[in-house]
Amino acid sequence: MPVVDMPEEDLLRHRVTTPEPDDLDEWWAARLAETSAAASPPVLTPHEPDLYRPLVVHDVEFSGAHGHPVRGWYLRPAGDDPLPVVVTYIGYGGGRGVPAQHTLLPSLGFAQFVMDSRAQGGRWSVGATADAGAGTGPEHPGVMTRGISSPEGYYYTRLFLDAARAVDVAAGLPGVDPGRIAVTGGSQGGALALAAAALRADRVKVCHSDVPFLCDLHRAVRIGTTPPYTEISDFLAQHDALVPTALNTLRYVDCALLARRITAPTLFSVGLMDETCPPSTVYAAYHEVRAPKEITVSPFGKHTTPTSHLETQLRHLRQHL
C-alpha cells in the first residue's frame with residue numbers, strides 16, 4: 001500500500017463506509033442478555049504472592065460469551081481502598097501473558113484486569129483460553145474467518161462479548177471502585193476497547209484505543225495488504241459466493257459503527273504509515289465517537305505508538321478517572 005493510504009487532509013474528512021445494520025442495537029442487546037444469563041461468578045486464585053509483593057495478583061476465570069470460561073489477570077496495589085480499574089485487552093495473536101508484563105499501572109495506584117483472548121496466545125505472548133466448542137486451548141491464529149458465514153457464529157462476536165463481560169467482572173472485583181472503569185488496548189486490543197466502551201457505555205468512563213483494528217471493515221478488507229485483514233480477502237478470493245454473507249457479518253463487529261455508542265472520553269492513536277490498520281480506518285472510528293475525544297497522530301508511525309504516548313495515556317487517565 002502507499003506510505004499514507006490517503007492524504008492527511010482527506011483523513012480529516014473520511015467517514016465510515018460500512019453501512020450500519022438497522023438492528024445493530026437490538027442484535028447486540030440480545031447477545032449481551034444471553035451471555036449475562038449464562039454467567040457464573042468469577043473465580044479468583046492468588047498467584048505467586050511472594051514473587052509479586054507488594055502487588056497483589058490473582059489468576060481469574062470468568063464467564064464470557066455463552067458462559068464459556070475466559071482467563072484473566074487481576075493486579076492491584078496492596079491495601080483495601082477502592083481503586084479505579086483499567087481493563088486491558090490484547091493485540092492479535094497474543095494472550096494475557098504473565099503478570100510481570102502488566103505491572104506499570106498497579107505500581108502507579110491503579111487496579112488492572114487483563115483479559116485473555118480466546119484461541120489466541122500462540123504468536124507473541126502466551127494465552128490460556130480456548131474458544132469453547134472450537135478448540136481445547138490457546139492456538140496460533142488466524143481466526144478472522146472463523147464463523148464468518150453468520151454474525152451469530154462469528155469469532156469476533158464471541159470476543160466482543162468476552163470484552164463486555166470483562167467490564168462487568170472488573171466492576172465486581174474486590175477493591176475496585178465500580179464507578180471508575182477504563183478500557184484500553186492496541187490493535188485488536190484497541191478494537192476490543194472500543195467495543196467494550198460501546199456495549200458497556202453505562203460502566204466505562206475512559207476509553208483508550210491505540211492503532212485500532214476492526215474499523216471501517218468494508219474498506220479495511222479491500223485495501224489492507226498485510227495480515228490479519230488479508231486472512232479475509234484471501235479467503236473471499238477463493239469463495240466468491242460468500243462475499244455478500246461475509247460482508248454482512250462484518251457490519252455487526254465494525255468498531256467504527258459501534259463507536260457511535262461510546263459515551264466515555266476517548267483517546268486514540270494512529271500511525272500515518274500503518275500498513276496493518278490503515279489510518280483511514282482508524283479515523284473512520286475516531287470521527288464516529290460523539291463523546292469528548294483526542295487523537296495522537298504519528299506522521300511516521302507504523303503499527304505502534306511512540307514511547308511518549310504512555311505518558312499521554314497516563315495524563316488522560318489521571319484527568320478523567
Side-chain angles (χ1 to χ4, degrees), residues 16 18-42 61-70 72 87 89 113 115-119 129-135 143-172 178 181 183 185 188-189 191-205 207 209 212-218 232 242 244-264 285 288-291:
V16 59
T18 307
E20 181 173 314
D22 292 337
D23 65 341
L24 186 62
D25 290 319
E26 295 81 3
W27 189 87
W28 273 110
R31 307 284 86 72
L32 289 164
E34 292 167 359
T35 292
S36 295
S40 302
E61 182 173 288
F62 70 97
S63 299
H66 311 298
H68 296 162
V70 178
V87 181
Y89 305 107
F113 184 46
M115 188 190 89
D116 203 18
S117 297
R118 59 170 67 213
T129 302
D131 189 5
V143 293
M144 294 294 293
T145 62
R146 183 179 289 182
I148 202 168
S149 60
S150 76
E152 293 78 11
Y154 191 38
Y155 171 84
Y156 276 102
T157 297
R158 295 190 292 281
L159 197 62
F160 283 16
L161 290 168
D162 293 347
R165 278 286 303 147
V167 171
D168 294 340
V169 170
I181 299 176
V183 292
Q188 176 184 262
L192 294 174
L194 294 174
L199 298 175
R200 283 292 181 255
D202 57 328
R203 290 191 184 273
V204 174
K205 304 305 180 186
C207 177
S209 181
F213 188 43
L214 302 175
C215 298
D216 200 2
L217 281 167
H218 282 198
I232 295 177
L242 285 177
T245 298
L247 292 179
N248 181 61
T249 292
L250 294 177
R251 296 195 302 154
Y252 287 85
V253 296
D254 193 316
C255 288
L257 300 179
L258 289 172
R260 295 168 177 166
R261 282 85 181 158
I262 293 174
T263 59
E288 294 302 322
V289 175
R290 296 162 185 169

What one should report as the nearest heavy-atom pair of S117 and L159 is CA-CD1, 4.1 Å
Under the side-chain contact (heavy atoms from CB on, under 4.5 Å) rule, collect the residues that match up with P69, sequence neighbours excluded.
E61
When you look at R200 and I181, which way does the side-chain contact (heavy atoms from CB on, under 4.5 Å) test go after all the steps?
CA-CA 10 Å; R200 283 292 181 255; I181 299 176; over 6 Å; no
Which atom of S149 lies closest to which atom of T245, heavy atoms considered
O-CG2, 3.0 Å
Rounded at 0.5 Å granularity, tell me how far OG1 in T129 sits from CZ in F62.
7.5 Å
Which heavy atom of V16 sits nearest a heavy atom of A256, and at what distance?
CG2-CB, 3.7 Å
I need the minimum non-hydrogen distance between T263 and A201, along with the two atoms involved.
OG1-O, 3.3 Å
Residues in side-chain contact (heavy atoms from CB on, under 4.5 Å) with A196, at least two apart?
Y89, A163, V167, V183
Got a donor-acceptor contact below 3.5 angstrom from the S209 side chain to the A193 backbone?
no
Set of side-chain hydrogen bond (donor to acceptor under 3.5 Å, both in side chains) partners for R260, sequence neighbours left out:
E20, E288
Could you tell me whether a side-chain N or O of R165 sits under 3.5 Å from a main-chain N or O of S63, the two making a donor and an acceptor?
yes
Quick one: side-chain contact (heavy atoms from CB on, under 4.5 Å) partners of D23, sequence neighbours excluded?
P21, E26, W27, Y252
Flag yes if more than 12 heavy atoms outside D202 fall under 6.0 Å of its CG atom; otherwise flag no.
yes
Rounded to the nearest 0.5 Å, how far apart are CZ of R261 and CG of D25?
4.0 Å
May I ask you to decide if H218's main-chain N or O and T18's side chain share a donor-acceptor pair within less than 3.5 Å?
yes
What pair of heavy atoms forms the shortest contact from C255 to L194, and how long is it?
CB-CD1, 4.0 Å
Step-by-step side-chain contact (heavy atoms from CB on, under 4.5 Å) determination, V289 to C207:
CA-CA 11 Å; V289 175; C207 177; over 6 Å; no
From I232 CD1 over to I148 CD1, what is the distance, rounded to the nearest 0.5 angstrom?
4.5 Å
In chain order, what residues pass the side-chain contact (heavy atoms from CB on, under 4.5 Å) check against A30, with sequence neighbours excluded?
none
Going by ring pair (Phe, Tyr, Trp, His ring centres under 6.0 Å), name the residues that satisfy it together with Y154, two or more places apart in sequence or in a different chain.
Y156
When you look at L192 and M115, which way does the side-chain contact (heavy atoms from CB on, under 4.5 Å) test go after all the steps?
CA-CA 10 Å; L192 294 174; M115 188 190 89; 4.2 Å; yes
Does L258 reach the side chain of L24, with side-chain heavy atoms less than 4.5 Å apart?
yes
Set of residues satisfying salt bridge (Lys or Arg N to Asp or Glu O under 4.0 Å) with respect to R118, sequence neighbours excluded:
D131, D162
Apply the test side-chain contact (heavy atoms from CB on, under 4.5 Å) to residues L214 and V253: give CA-CA distance (whole Å), side-chain angles for both, the deciding distance (0.1 Å), then the verdict.
CA-CA 7 Å; L214 302 175; V253 296; 5.7 Å; no
Return yes if some donor-acceptor pair links the side-chain N/O of T157 with the main-chain N/O of E152 below 3.5 Å, else return no.
no
Which atom pair, heavy atoms only, marks the closest approach of T35 to G64?
CG2-O, 3.2 Å
Partner set under ring pair (Phe, Tyr, Trp, His ring centres under 6.0 Å) for H66, not counting sequence neighbours:
H68
For D254, all residues meeting salt bridge (Lys or Arg N to Asp or Glu O under 4.0 Å), sequence neighbours excluded:
none
